[in-house]
Amino acid sequence: MVEVVIGGHHIATTLEGPFAPVTRRFDPSVRRGSDDLPMSDPRLRKTVSGNFPEQIALAISSPTSMWVSWIT
């Protein structure tokens with residue numbers, strides 16, 4: 001196992017969990033988008049209508065179970 005320390009503080013790994021969930025308020029001062037692609041770029045426009053998913057991901061977690069997740 002690797003010990004990760006940044007700024008003198010230990011960063012926990014998933015191997016040390018489970019951990020109690022922590023919710024933090026989103027910082028609105030954080031700029032949205034990226035430096036190379038503006039939010040107004042036509043490639044970022046929504047291509048589906050309503051609540052239809054734009055992306056669907058399937059992940060097998062064991063021989064008898066699967067995770068299904070989607071982005072609307």
Side-chain angles (χ1 to χ4, degrees):
M1 189 158 93
V2 176
E3 177 78 15
V4 180
V5 177
I6 295 180
H9 297 286
H10 169 75
I11 297 178
T13 69
T14 55
L15 297 175
E16 299 172 51
F19 303 102
V22 177
T23 302
R24 301 188 194 269
R25 181 177 294 269
F26 179 74
D27 183 358
S29 68
V30 175
R31 196 173 68 76
R32 294 176 58 189
S34 66
D35 293 332
D36 58 346
L37 192 61
M39 294 299 287
S40 59
D41 190 285
R43 292 175 287 178
L44 297 177
R45 75 174 178 269
K46 192 171 176 116
T47 58
V48 297
S49 61
N51 283 334
F52 294 103
E54 293 187 37
Q55 297 178 17
I56 299 174
L58 305 174
I60 296 174
S61 58
S62 75
T64 59
S65 64
M66 175 186 291
W67 289 85
V68 179
S69 58
W70 59 90
I71 299 172
T72 57

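- The environment of Leu58 atom CG is dense: over 12 non-hydrogen atoms of other residues, nucleotides or ligands sit within 6.0 angstrom.
- Residues that satisfy the side-chain contact (heavy atoms from CB on, under 4.5 Å) test with Thr64, not counting sequence neighbours, are Ser62.
- Cluster membership for Ile71 and Met66, using ILVMFWY side-chain heavy atoms within less than 4.5 angstrom, is not shared.
- Each salt bridge (Lys or Arg N to Asp or Glu O under 4.0 Å) pair with one or both residues in residues 53-69, not counting sequence neighbours, appears once here: Lys46-Glu54.
- No continuous path of hydrophobic side-chain contacts links Val68 to Phe52 [ILVMFWY only; heavy atoms under 4.5 Å].
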